[in-house]
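Order of the sequence lines sets the chain letters (A, B, ...), proteins ahead of strands, with each chain counted from 1.
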There are 4 protein chains.
Amino acid sequence: MNPRSKSKSPLKERIREAVHGEILSAAERVFGASGLGAAKMEEIATAAGVSVGTLYNHFADREALLTALLDTRRAELLDMLDDVVEQMKSEPFPAQLGRFIGTTVEHLGQHRPLFAMLIEEELHSGRGRLRGKPALRELTARCQRLVEQGLKQGALRKQDAAVYPALLMGFIRGVFAQAMHEDTLRLSPELVQAMVRTFLEGAGARA
Amino acid sequence: MNPRSKSKSPLKERIREAVHGEILSAAERVFGASGLGAAKMEEIATAAGVSVGTLYNHFADREALLTALLDTRRAELLDMLDDVVEQMKSEPFPAQLGRFIGTTVEHLGQHRPLFAMLIEEELHSGRGRLRGKPALRELTARCQRLVEQGLKQGALRKQDAAVYPALLMGFIRGVFAQAMHEDTLRLSPELVQAMVRTFLEGAGARA
Amino acid sequence: MNPRSKSKSPLKERIREAVHGEILSAAERVFGASGLGAAKMEEIATAAGVSVGTLYNHFADREALLTALLDTRRAELLDMLDDVVEQMKSEPFPAQLGRFIGTTVEHLGQHRPLFAMLIEEELHSGRGRLRGKPALRELTARCQRLVEQGLKQGALRKQDAAVYPALLMGFIRGVFAQAMHEDTLRLSPELVQAMVRTFLEGAGARA
Amino acid sequence: MNPRSKSKSPLKERIREAVHGEILSAAERVFGASGLGAAKMEEIATAAGVSVGTLYNHFADREALLTALLDTRRAELLDMLDDVVEQMKSEPFPAQLGRFIGTTVEHLGQHRPLFAMLIEEELHSGRGRLRGKPALRELTARCQRLVEQGLKQGALRKQDAAVYPALLMGFIRGVFAQAMHEDTLRLSPELVQAMVRTFLEGAGARA
DNA sequence: CATGAATGAGTCTTCATTCAT
DNA sequence: AATGAATGAAGACTCATTCAT
C-alpha cells in the first residue's frame, strides 16, 4: 500500500521471473545457433517475444546476458551431476561411470544449443572479461574425481590415468560433435553403454 | 596484348607468392587467437606486415581469405595423413593407429592456432556460406576408414564399431582441449602411446 | 455528473499539491546537478520518491516538467524582486541597487541548483520549443529599469548607460560562476556591498 | 618506397591535417549551436563534409573530439592572451586592462559558438571525466594576475580586490550573454572602452 | 601493386513514454 | 492515482570494403 514499500506484488514478481527465464531461454537458442559472437540482441529479443529494451531491463548489457546464461546453465549441469555422483558413491565403478556419462549426455542432449555454446566458451576463455572457469573445464574436473574413484576401487589401470579425464571428456566431445550434424547418431542409452564399454575394455578384439 | 602482360616476371611472381603465404600465416595466427568471428582485417594486415588494401589485392574479401586459409590448412593436414596411411596399408592395425594419431597430433601441435579454428569451423558449418565439408569431419572420415581397416584385420571388435570414429576423434579433441590451457600436457609420443593403448585395451583393470 | 466528481476532496487535493511540489523540487535538484539535457526522468522520480509514472500523471512530458519548473522559479524570483523594487521606489539609488543585488543574490543563493539551470536555459533559448523569455533576460530587463531609475535620479552617468544592464547582470553572473566552484566566496552582505561599491565608484584608485 | 617506411607522403599528411581541422571547426559550430550534450556525431560529420566513420578515424570517440576541441580552443585563446599581456608588462594599467578585455572580446567575437561552449564546459566541469581546468576558470586566473598588476601599480583599490577577478570576468560574461541574442550590442572598441571605463571609474555620477 | 583514409551499413545501448495492474 | 516493466526510436560506435594517390 505504501508507495515506498518494496514488497512487490507477487503476481508482477512472477511475471518478471517468467520473462527473465524466457529471455535466457531465447538467448540460449540464439547464442547456440548463431554463435557467441554473432548472435544479435535484436534476434534474441524477437526470439523471446519481447523488445530490445526489455533485454536491457533484465541484463545490463550483452556481456551480462551471456554471462548469466552460461553461469545458469553451468550451475544446472554441474549441480545435477554432483547430485548423481553423490548418490552413488558406494556403487561399483562401471555403474558410476555409466551414470555419469548417461546424465551428462542426457542433459546436454536436452539442451541442444548448449553444447556449442560451451565449446565456444572454452575456446574464448582467456579472451575478454575473465569469467569463472568454463563449464567444460569444470566438467573435466568432475571426470578427474570420477577417475580417482575408479583408481581407488582398483577398477582403472594406473598407467595412463593422467590422461583419462581428458580422454573421457573426449568421448563426450566426440559424440556430441558427431550428433551435431549426423541424425543417425541417437543419444541413446545404448550409445552410453558403448561409450562405457569402449572406455573400460577398449575397442581391440580380445586375443 | 603485350606478350609480357601474361608471362609475369618470375621475380614478381615469387614475391607475390611470398606475400600470399605471409598473409595466410598471419591470418592463421589472428583467426586462431581472436576467433573466426572476432578477428579483424586490420589486425591481420598488421600481423602480416602489409596494409589492409593488400589483403584485398590477394583475397576477394574476408570470407575468401578465411576460406582459402581453411582450405589450405585442411588440404595440408589431410594430404599428409593420406600419405602416411597409404604408406602403411599392410602394417598391423596398432601400428597404423599409432601413426595416424601421432601424425595428427604432431601436425596440429605444430600449427597451434589451427585447432581452435577447426573447432569453430565445425561449430559454424551450416551457418553462412556453404563451404566444403569441415576439416574435422574429413578427419573423422579418415578415422572411419581406419576403423574399417581394423575391422577387416580383425583387430577391432565389431560390437560398437559404429561409434569408434567419433570416439577416436574424441580422444584427439579431448587431448587438444586439455593442451589448450594446461601446460602439463605435453603432446609427446608417450601421450600418443597412451591414447592408442587406452583405445585398444581400455582403461579398465584386467580381471 | 456526480457532484463529487468536480469538487475533489480537499485532502486529496492537498496531497496532490504536495506531490506536485515535491516533484518540482526534485526536478530542480536533478536538472541543476545533471544539466538540462542529461537529467533523466527516472532520476527525478527517484529523487522525488515517486515512480516515473507519477511524473507523467503530473506533467505531460519531460519538456512540460522542465517548463513548469523554470516558469515557477522564474515567477518566484521576479515576483519577489518586483515587490522589493516597488517598496523602495522613493529611496536613493544606491540603496535600491543594494537591495536589488542583495535580493537576487540571496534568492539564487538559497536555490543553488537554480542558477546553473538558468544559465543553460539562456544558452539553449532559441533551440527547441519556444518558451517564454528566459529568466535571465527578464532579470536583465529589471536591471534595465533599475538603471533607468538611476539615470532619472541623476545617480548614474549617461555615457555608457546602454551597457549598464548587461554589466550589472555580469556582476551577478561572475559572482555565481565563482561561487559555483570556490568555497571561499561567501554570498554575504559584504559581497553585495562590494558589488554595489565597485559598480558605482569603480575599482580604480581615486586620484 | 619501403612499405614499412613510416615517412608518410607529405601530401597525404597535409590532407589529413586539413580534414582534422575541418572536423574540429565543424564540431565547434555544431557543439556551439546544439549544446555540448545535444550535438550529434552525424550532424558534425555532415557539417564537416565527411562521414561518421571519418570522425572516428581522427578522434577515439565523442568525448575525445569534444576534449580535443576545447583543449585546442582554450590553448589558442590563452596563448594569444598571454602573449598580449607579456608585451605590455610595462604599460600603465588602464591600457593593459583595455588590451586584455579587447583581445578577449575580439577573439571570442571571432569564434562565436565558442563562448556558449565555454559556459557549458564550466557548468559541467565536475561531471563526467575530469578534464583540465575549464577555459573560463583559466581566464579568471588571468584576470587575477591582471588585478595583481593593477594593485602593484597602485591603479586599483585594495578594498574589494578579492572579488575584482570575478567581477571583471562578469563584465565579459554579461556582454557576451547580451550579444548572444541582441543584435544591437556590437562587440566594438567603443564597447571595450565602456567596459574599461565603467570598471575603473564606476557607473555612478561624480559628486 | 601497395597504401591507408574515407565510407556507411550494421549493432549495441539509452531513455522518454506508455499502459496494464 | 500510483506503479514500474515494456517499448522502440534515436544516437554512438565498429569494421569490412573501396579507391585515389
Integer-rounded Å distance: E:dC12 P and A:L55 CG: 10 Å
Whole-Å gap separating C1' (E:dC1) and NE2 (B:H20): 15 Å
Closest non-hydrogen atom pair between C:F59 and C:A64, with its separation: CD2-O, 4.2 Å
Gap between atoms CD and C1', on A:E22 and F:dA5 respectively (whole Å): 16 Å
Any B:T54 side-chain nitrogen or oxygen under 4.0 Å from OP1 or OP2 of E:dT3: yes
Heavy-atom protein contacts under 4.0 Å, nucleotides 14-21 of chain F, coded B base, S sugar-phosphate only, - none: BSSBB--S
Any B:H58 side-chain N or O less than 4.0 Å from OP1/OP2 of E:dC1: no
Distance, rounded to the nearest Å, where C:F59 contributes CZ and F:dA2 contributes P: 12 Å
Assigned partner base of F:dA10, Watson-Crick or wobble definition, under 3.5 Å: E:dT13
Short side-chain to backbone donor-acceptor contact, C:E120 and C:M117, under 3.5 Å: no
Euclidean distance, atom CZ of residue D:R14 to atom C1' of E:dA5 [Å, nearest integer]: 16 Å
Residue of the set D:L69, D:I23, D:I44 for which side-chain contact (heavy atoms from CB on, under 4.5 Å) holds with D:E28: D:L69
D:E42 bridged to D:R62 by N-O distance under 4.0 Å: no
A:E122/A:R74 salt bridge by N-O under 4.0 Å criterion: no
Spacing between A:E13 atom CD and F:dG4 atom C1', to the nearest angstrom: 12 Å
Distance in angstrom units between C:I23 CD1 and F:dA1 P, rounded: 13 Å
Assigned partner base of E:dG8, Watson-Crick or wobble definition, under 3.5 Å: F:dC15
Donor-acceptor contact present, side-chain A:S25 to main-chain A:G21, <3.5 Å: no
Contact nearer the 5' end of DNA chain F, comparing C:V19 with A:S51: C:V19
Electrostatic pair D:R29:D:E22 at N-O distance under 4.0 angstrom: yes
Under 3.5 Å on both distances, the Watson-Crick or G-U partner of F:dT21: E:dA2
Whole angstrom value for the distance that separates P of E:dA6 from CZ of D:R16: 6 Å
